[in-house]
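Position 1 is the first residue of the sequence, and the numbers go up from there. Quick caveat: nothing in here was measured; it's all calculated off a predicted structure.
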Amino acid sequence: MWALWIALIFSNIQLHAQTATVTLRPSYIDLSSTTSESAVLMTLSSYSSNDARYRLYNSSYQYYTWDEATDAYISSTSYASGPQVVGTPSSTTTFWILFQRGGNNSATASYRDRLNPYSVNYQTVALPAATSISSPFNLTGNFVGSGSYDKSVKHVVLGYSGSTLITAVSSALSTGAFTLVCPGGTTIDKIEIRAVDNTLIETKTGSWTTTTNVGNIPNNPLITVSATSLSGFTYMEGNGPSTEQNFTISGADLSSSISISAPTDYEISKTSGVAFSAENPITLTQSGGVVTNTSIFVRLKAGLAADNYDDEIITASSTGATNKTVACNGYVDPQNPLIYVSTSSLTGFKYIVDNGPSNEQSFNISGEYLTDNVTVTAPAEFEVSETSGSGFTSSVELLPDAGTLEETTIYVRLKAGLDIDEYSENITATSDDATDKTVTCNGLVIASEPTNYPTGFTATVNSYNQITVTWTDASGGQLPAAYLVKASVMPAVSEPADGTPESDAALIKIFLKAHNKLYLQV
């Protein structure tokens, strides 16, 4: 009884022992370079841990295995640095090992794994024999994603002849591109794309014996655009269209042309710059299912009101293909009415009392984006005109043409009949919603020349630094309003100038004519 019981225990252990099996290996392998790729399908079961790390090696040489966790092929011989077994080997798991030729320039290799802490070999199994490809042809293509499988991870690409797996490679990250190296003299009639867990994603059949681009897998009609949005279309109101931008579009596996439709406020063209010719829709004709890369130019239409024009969609469509869209974002900037003047001030208007007006001066005025006439208003002591020498009045009305006032000359003078005084006032230019512009005008009305002058000037030296000056006031006719007395230590006294004010100083005094004695401290 004891012997029988022991035998049954041993038999039970054997039935539940861990296993590692090579489920499938391509019959051919590309060894032409260190980066040449292939794959092998493994099935593991009944492991004592799910944390198993593996290598594919041949003596001291090994293939470089793909590690999805780091998105890299692992060349290290350390198991701790190697990829982890996919799935749950403690129950069962089947997975593709993607690898490069790496340091093993032969078709011979073995699978070996270790469990954490990775110090002792756990399972080892030799890979079935494979033949090196000496005269290859290549099948290139592109996995475009299907269902929940996208191009963010690598997938295995398998080439079959009948039911025999001939060759294998992986799809590239992001692009999904692949190059399946096949042995010359073999007909590849089926390409499969499978997930690493061996789930079949897509199949494409054919009959390929020479280098061929098999296109997209799956071979659904495909439209590709270089951008999903374009922003920054803008112009000032009344100054459209905007500057153009562009994107590129192409198609593959098409059964009909690509139609590109513009939204309401944008226009599209196949030509640029002065050759821009708006089309809606644009039709790109396929040839052999292909539309080559084509530039489409886009701009915000002219004549739009000030506003935002965002999220307006250009749509590209073709029979059976998923529509592709490009969102356009732009705005028309409201242009406020503007008035321009050529100067901010005019000076030197002058005349002798009762002999006005002054000589005229001028400035230029213009405007744009105007919604009403421009009114140029003079202050009380000045007058304006559009004509030199005549037509002077308190204001002038200027009429824009389609919102634009061409440069116009405005003539200005100091009015006649003003009292003796200084005058500083603003001319103002106004129009609805425009910022007012001003031109400051400075003028002077001066007294007429006296007809009689003071007499009897005498100068008496009182001390080394004081002189007494006396005179007899003028009488009769046009009398002076006041007297200006100037002295100088040396050289000669500077003569006063009409219209130029003088101020009291050490050797300059201004007196009403009733004063006829002056003491000068020298």
### Task
Using atom types as modelled and distance alone, determine if a side-chain donor or acceptor of Y369 lies under 3.5 Å from a backbone N or O of A434.
no
### Task
Show your reasoning for whether side-chain hydrogen bond (donor to acceptor under 3.5 Å, both in side chains) applies to S256 and T319.
CA-CA 6 Å; S256 64; T319 303; 2.9 Å; yes
### Identified side-chain contact (heavy atoms from CB on, under 4.5 Å) counterpart of R194 within the set L200, L41, V157
L200
### Task
Taking atom types as modelled, find out whether S152 and D150 have a side-chain donor-acceptor pair closer than 3.5 angstrom.
yes
### Task
Count the heavy atoms of every other residue, nucleotide or ligand shown that sit under 6.0 Å from CG of N213, and state whether that count exceeds 12.
yes
#### Entry: Test: R114 cationic atom under 6.0 Å from Y118 six-membered ring centre, within 45° of axis
no
### Task
Can you tell me which residue pairs pass the side chain to side chain donor-acceptor pair (under 3.5 Å) test with a partner in residues 195-205, sequence neighbours excluded?
W96-N198, S146-E202, D197-T199
### Query
With sequence neighbours excluded, what pairs up with T440 under the side-chain hydrogen bond (donor to acceptor under 3.5 Å, both in side chains) test?
N426
### Residues T35 and S33: side-chain donor-acceptor under 3.5 angstrom
yes
### Summary
Sequence neighbours excluded, the answer for ring-ring contact (aromatic ring centres under 6.0 Å, His included) partners of Y73 is W66
### Query
Can you check side-chain contact (heavy atoms from CB on, under 4.5 Å) on I260 and I268, steps first, answer last?
CA-CA 9 Å; I260 308 167; I268 54 178; 3.9 Å; yes
### Query
Taking atom CD1 of I188 and atom OG1 of T167, what is their separation to the nearest 0.5 Å?
7.0 Å
### Message
Do D189 and S207 pair up side chain to side chain, a donor and an acceptor below 3.5 Å, judged on atom types alone?
### Response
no
### Query
Have R112 and T124 got a donor and an acceptor in their side chains that come within less than 3.5 Å?
yes
#### Entry: Stepwise side-chain contact (heavy atoms from CB on, under 4.5 Å) test for I191 and W208
CA-CA 10 Å; I191 297 174; W208 302 289; 3.8 Å; yes
### Query
What pair of heavy atoms forms the shortest contact from Y149 to A195, and how long is it?
CE2-CB, 3.6 Å
### Query
Quick check: does any side chain N or O of S269 sit under 3.5 Å from a backbone N or O of S277, one acting as donor and the other as acceptor?
yes
### Task
Test N329 against D311 for side-chain contact (heavy atoms from CB on, under 4.5 Å), laying out the working first.
CA-CA 6 Å; N329 300 285; D311 296 322; 3.4 Å; yes
### Query
Y111 and Q123: side-chain donor and acceptor closer than 3.5 Å?
no
### Query
Ignoring hydrogens and geometry, is there a side-chain-to-backbone donor-acceptor pair from N280 to A262 under 3.5 Å?
yes
### All salt bridge (charged side-chain N to carboxylate O under 4.0 Å, His left out) counterparts of E279, not counting sequence neighbours
K270
### Task
Carefully, step by step, assess T94 and T43 under the rule side-chain hydrogen bond (donor to acceptor under 3.5 Å, both in side chains).
CA-CA 4 Å; T94 297; T43 299; 3.0 Å; yes
### Task
List for me each residue that meets side chain to side chain contact (heavy atoms under 4.5 Å, CB included) alongside S317, sequence neighbours excluded, and say none if there are none.
S259, N323
### Task
Just jot down the ring-ring contact (aromatic ring centres under 6.0 Å, His included) partners of F178, sequence neighbours excluded, or say none.
none
### Task
For E244, enumerate each residue passing the side chain to side chain contact (heavy atoms under 4.5 Å, CB included) test, keeping only those at least two apart in sequence or located in another chain.
S272, F276, F297, R299
### side chain to side chain contact (heavy atoms under 4.5 Å, CB included) involving S32 - partner list, sequence neighbours excluded
D30, S36
### Message
My understanding is that only residues two or more places apart in sequence, or in another chain, count here; which of them pass salt bridge (charged side-chain N to carboxylate O under 4.0 Å, His left out) with D51?
### Response
R53
### With R25, the side-chain contact (heavy atoms from CB on, under 4.5 Å) member among I97, L127, L165
L127
### Query
What's the verdict on side-chain hydrogen bond (donor to acceptor under 3.5 Å, both in side chains) for T19 and T21, showing C-alpha distance, side-chain angles and the deciding distance?
CA-CA 6 Å; T19 59; T21 305; 4.7 Å; no
### Query
With sequence neighbours excluded, what pairs up with Y28 under the ring-ring contact (aromatic ring centres under 6.0 Å, His included) test?
none
### Message
Has Q286 got a side-chain atom pairing as donor or acceptor with I258's backbone, closer than 3.5 angstrom?
### Response
no
### Query
Listed by chain and number, what are the ring-ring contact (aromatic ring centres under 6.0 Å, His included) partners of Y47, not counting sequence neighbours?
Y122
### Message
Once side chain to side chain contact (heavy atoms under 4.5 Å, CB included) is applied, do any residues pair with N308, and if so which ones, sequence neighbours excluded?
### Response
D310, Y331
### Query
For L284 and S257, what are the C-alpha separation, side-chain angles and deciding distance, and is it a side-chain contact (heavy atoms from CB on, under 4.5 Å)?
CA-CA 6 Å; L284 302 180; S257 301; 5.9 Å; no
### Task
Kindly assign one of parallel, tilted or perpendicular to the pair Y54 and F95, based on the angle between their ring planes and the thresholds 30° and 60°.
tilted
### Message
Ignoring hydrogens and geometry beyond distance, is a side-chain donor-acceptor pair present between T88 and S90 at under 3.5 Å?
### Response
no
### Task
Hey, could you give me the CG/CD distance between N239 and Q335, rounded to the nearest 0.5 Å?
7.0 Å
### Task
Start with the C-alpha distance between S170 and K154, add both sets of side-chain angles, then the distance that settles side-chain hydrogen bond (donor to acceptor under 3.5 Å, both in side chains), and finish with yes or no.
CA-CA 6 Å; S170 70; K154 278 181 173 288; 3.0 Å; yes
